[in-house]
Amino acid sequence: MRWSRAFIPTLRDDPADAEAVNHRLLVRGGFIRRLMAGSWSLLPLGMKVTKRIEQIIREEIDAIGGQEMLLPVVHPGEIWKKTGRWDDVEGILVKFTDRRDTDLLLAMTHEEIFSSIATELTSYRQLPQLWYHLQTKFRDEQRSKGGLLRVREFTMKDSYTFDIDEAGLAVQFDRHYDAYKKIFSRLGMKAIPVHASSGWMGGSESVEFMVESEAGEDDIAYCPSCEYAANTETATSRLTPIQDEPWDGDVERFATPGIKTIAALAEAFDFAAADRQIKSLLYMVGDEPVLLLLRGDHELMEQKLVDALETFEVRPAHEEEIVAALGAHAGSLGAVGLGGVRIIADPALRDRSNMTTGANEDDWHLRGVDLGRDIVVDTWLDMRLVAAGEACPECGEPLQVKRTIEVGHIFKLGTKFSEALGISVADEKGDERVVWMGSYGIGVGRNMAAIVESSFDESGIVWPISVAPYEAAITVVKMGDDATVTAADSLYEDLQSEGVDVIIDDRDERPGVKFADVELIGIPYRITVGPRGLADGTVEVMRRADGSVESIQVAEAASSVAAMIRRDRGE
RNA sequence: CGGGCUGUGGCGCAGUUUGGCAGCGCACCUGCUUUGGGAGCAGGGGGUCGCCGGUUCAAAUCCGGCCAGCCCGACCA
């Protein structure tokens, strides 16, 4: 490609509305442009990177037996009603009707449609199957953000597996696990697999692949000494047991005027350290108020509650709901002597005594509370957010908490969809058996963003060679100089013959402009051709990753740069 | 969806307080000089000031409504 003919609209200044690194650099580098919130056009450079990412994904999924297909983006509502998701997935699912008033929706994922094709599977002999496509998803997110990290319209590689039994699903799941590790490694990222919540996908088990980044939206708990890693949505930890001081009296009510927080209570009374308080949170599960109890110094992880209760209708109660259910305002709530409200308690409270909690009367608290004696817990449920420094549940070493980007997610769906949609095959005995499904997703654009977030410097993006828009760029220092132009052109042709994807910067610009642009867009090798080097028969090769510079004889330039690139490609 | 901020040539911004010719830098076009880290000189083109309505002799500026974008909190590839 000749740069003078290419559409690479680089910007000198950062776009004013860009905060995230990937947003800033991808827009400045002329890879993408925003159409509306969470909706981006891919410009030529963005398209080149996208295609390379997609190709890597294809190769690895094909390698585990994947068969590529392409399913539509507009789906009939009917199928989604069968699986229940037409109603279950509120908000992000875009629904509309056609001229005949038929319910339609924009694909946010493709389980239903792949499943509808899978109804044509009739015999166990046809299993296992692994189908996938790279297709647009639309999710009307409440809030898109972070450049390409969280958008409404995006391309996803989603694959789906169909097996005769759970053991077969486990095999497909493990194959995807390995393929995903290879994919992210080829994309130049260090992805950590973690246990995760399945969210609205349902199913029994899921693993997310996480790349450490400040721009991320998920926290993972990670053990440096063993391999334990989990999204904090599901992570657990071992707690040091607390030995409560004995208290032989009854529950004692005491005045706490104006005290509305755990911290304030701990500050005011020396017997009420945060870990000796009971945190009481009123939640609404559907229409039912539920009182949640946690240790005072612990935080609630709402997702754990959602997963355990198997409903998405979980939210903090409004003030008037709190008063109606408990007779007091937040800040003085408690579970002692409470009737008629379901009580769910975190196991960290089990067997505790001599605790302090709200009295369900504004400005009053209770001390000397014994969990076993004074509170009737309906359900014990781990719903605590793990904090850094707590002991790893596997090995006991302190956990770290890291902020990460979710670059892939694999699910064991089990038989949820196949039952709903009637996907069954005849087994060896001729009996109908419901098939076991898995689904596995990688967001292409989010991966592009994650690569940028984990590989950039003050000059711009530093692409790994596997996805770079070009492998090498020739910077022609002085377009007015015939010898320079001739040498650069011939190098350009030689590199192409060597199979290198190369762009020649033949614009009539000053060298500084060209250097800045090629570094901004992150091309791994820059070959500078100019009168100064040609005077002693050399060109200069700079490696983007480390800035190292090497002078090479003109005659050998093409072959030695091609050799470097082949080595970087891993050939 | 709640809170905060912002909408002025392609990009970055000033002007809005106190209504009175729509400006600056970069980019763009022409010419000349220049060419190893974002060139210089000269000339030139481009904007319904987010949209709708109101006030006024006069609105980018004041008032009302709406729309869009970004950031912070509840959701996910």
Side-chain angles (χ1 to χ4, degrees), chain A residues 9-20 23-24 27-28 30 33-39 57 89-92 108-110 134-159 180 196-201 206 208-211 216-218 231 233 300 302-303 306 312 314-316 405-411 439-450 459 475-481 484-485 507-520 526 528-535 539-540 542 549 551:
Chain A
T10 57
L11 304 176
R12 185 172 293 222
D13 304 307
D14 280 337
D17 57 5
E19 195 107 336
H23 184 184
R24 234 180 61 222
V27 171
R28 265 193 69 196
R33 287 294 183 262
R34 189 184 62 232
L35 179 61
M36 51 181 179
S39 168
I57 294 171
V89 186
E90 274 302 331
I92 63 174
M108 53 177 281
T109 175
H110 282 80
L134 286 135
Q135 177 63 292
T136 301
K137 307 287 182 272
F138 195 94
R139 298 178 183 178
D140 193 9
E141 301 284 354
Q142 300 91 321
R143 181 179 165 213
S144 47
K145 57 178 281 199
L148 290 188
L149 281 179
R150 174 161 215 71
V151 298
R152 297 195 294 171
E153 181 174 331
F154 60 100
T155 301
M156 178 162 84
K157 184 290 297 175
D158 40 328
S159 38
Y180 273 41
S197 156
S198 297
W200 43 254
M201 294 293 293
S206 86
E208 290 172 326
F209 291 82
M210 313 300 273
V211 171
E217 301 182 90
D218 287 272
N231 194 306
E233 289 177 351
L300 172 70
E302 218 173 270
Q303 188 67 41
V306 168
F312 300 102
V314 172
R315 61 166 174 85
I405 298 168
E406 179 188 351
V407 291
H409 200 160
I410 59 179
F411 299 87
S439 85
Y440 318 84
I442 295 178
V444 176
R446 181 182 283 183
N447 271 266
M448 175 155 73
S459 305
T475 300
V476 188
V477 168
K478 189 173 176 180
M479 283 309 288
D481 182 65
T484 299
V485 172
R507 294 175 296 169
D508 190 15
E509 289 286 354
R510 313 217 12 127
V513 174
K514 299 187 179 188
F515 293 148
D517 274 347
V518 74
E519 283 157 26
L520 174 63
R526 182 186 87 198
T528 308
V529 181
R532 191 191 291 173
L534 291 176
V539 296
E540 178 195 285
M542 190 180 93
V549 171
S551 281

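Reminder, nothing fancy here: chain letters follow the sequence lines and each chain counts from 1. A quick note: this is a predicted structure, and the numbers were derived from the prediction, not measured.
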Would a distance-only check, ignoring hydrogens and angles, find a side-chain to backbone donor-acceptor pair under 3.5 Å from Tyr180(A) to Val407(A)?
-> no

Going by an N to O cut-off under 4.0 Å, is there a salt bridge joining Glu19(A) and Arg24(A)?
-> no

For G2(B) versus C11(B), give the span between their C1' atoms, rounded off to a whole number of Å.
-> 33 Å

Scan Asn447(A) against the nucleic acid and name what it touches under 4.0 Å (heavy atoms): base, sugar-phosphate only, or nothing.
-> nothing

Here the pair of heavy atoms bringing Thr136(A) nearest to Glu153(A) is CG2-CG, 3.6 Å

When rounded to the nearest Å, what value does the distance between C1' atoms of U61(B) and G54(B) take?
-> 15 Å

Classify the nucleic acid contact of Glu233(A) as base, sugar-phosphate or nothing, counting any heavy atom under 4.0 Å across all strands shown.
-> nothing

Strand partner of G53(B), provided both Watson-Crick or wobble distances fall under 3.5 Å | C63(B)

Base versus backbone protein contacts along nucleotides 24-35 of chain B [heavy-atom cut-off under 4.0 Å; B, S, -] = -BSS------BB

In whole Å, what is the span from the CD atom of Glu217(A) to the C1' atom of C75(B)?
-> 9 Å

Take the protein atom CG of Leu134(A) and the nucleotide atom C1' of A77(B), then report the distance between them rounded to whole Å.
-> 12 Å

Spacing between Lys145(A) atom NZ and A74(B) atom C1', to the nearest angstrom | 12 Å

Rounded to the Å, how far apart are Arg24(A) CZ and G12(B) P?
-> 14 Å

Is Ala516(A) touching bases, backbone alone, or none of the nucleic acid, heavy atoms closer than 4.0 Å?
-> base

C1' gap between G10(B) and G20(B), integer Å = 30 Å

Heavy atoms under 4.0 Å, any strand shown: does Gly147(A) hit a base, just sugar-phosphate, or nothing?
-> nothing

Considering only nitrogen or oxygen atoms on both sides, find all protein atoms under 3.5 Å from nucleotides 13-15 of chain B and state each distance.
none

Once you round it to whole Å, what is the distance between P of C71(B) and CD of Glu141(A)?
-> 14 Å

Write down the distance separating the P atoms in G4(B) and G9(B), rounded off to the nearest Å.
-> 26 Å

Could you tell me whether Gly443(A) contacts a base, only the sugar-phosphate backbone, or nothing, with contacts defined as non-hydrogen atoms closer than 4.0 Å?
-> base

Polar side chain donor-acceptor pair, Lys145(A) to His23(A), under 3.5 angstrom | no

Mind checking Arg315(A) for me? I need base, sugar-phosphate or nothing, with any heavy atom below 4.0 Å counting as a touch.
-> nothing

Integer angstrom distance from the C1' of C26(B) to that of G3(B) = 35 Å

Under 5.5 Å between ring centres and under 30° between planes: does that hold for Phe515(A) against the base of G38(B)?
-> no

Taking C70(B), C75(B), C11(B) as options, the one with an atom nearest any side-chain atom of Arg34(A) is C70(B)

Touch check for Gly408(A), heavy atoms < 4.0 angstrom, all strands: base, sugar-phosphate only, or nothing?
-> sugar-phosphate

If we only count heavy atoms from C-beta on, is the Glu217(A) to Ile405(A) side-chain gap below 4.5 Å?
-> no

Is there a donor-acceptor contact under 3.5 Å from the side chain of Lys157(A) to the main chain of Gly441(A)?
-> no

Could you give the distance separating G19(B) and U55(B) at their C1' atoms, to the nearest angstrom?
-> 11 Å

How is Glu208(A) classified with respect to the nucleic acid when contacts are heavy atoms under 4.0 Å: base, sugar-phosphate, or nothing?
-> nothing

Touch class at under 4.0 angstrom, heavy-atom based, for Val407(A) against every strand present = sugar-phosphate

Nearest heavy-atom approach of Pro15(A) to Arg28(A) is CD-CG, 3.7 Å

Which value, in whole Å, describes the distance between the P atoms of nucleotides C52(B) and U8(B)?
-> 16 Å

Would you mind checking if Glu540(A) and Arg526(A) are paired as a salt bridge, meaning a charged N to carboxylate O distance below 4.0 Å?
-> yes

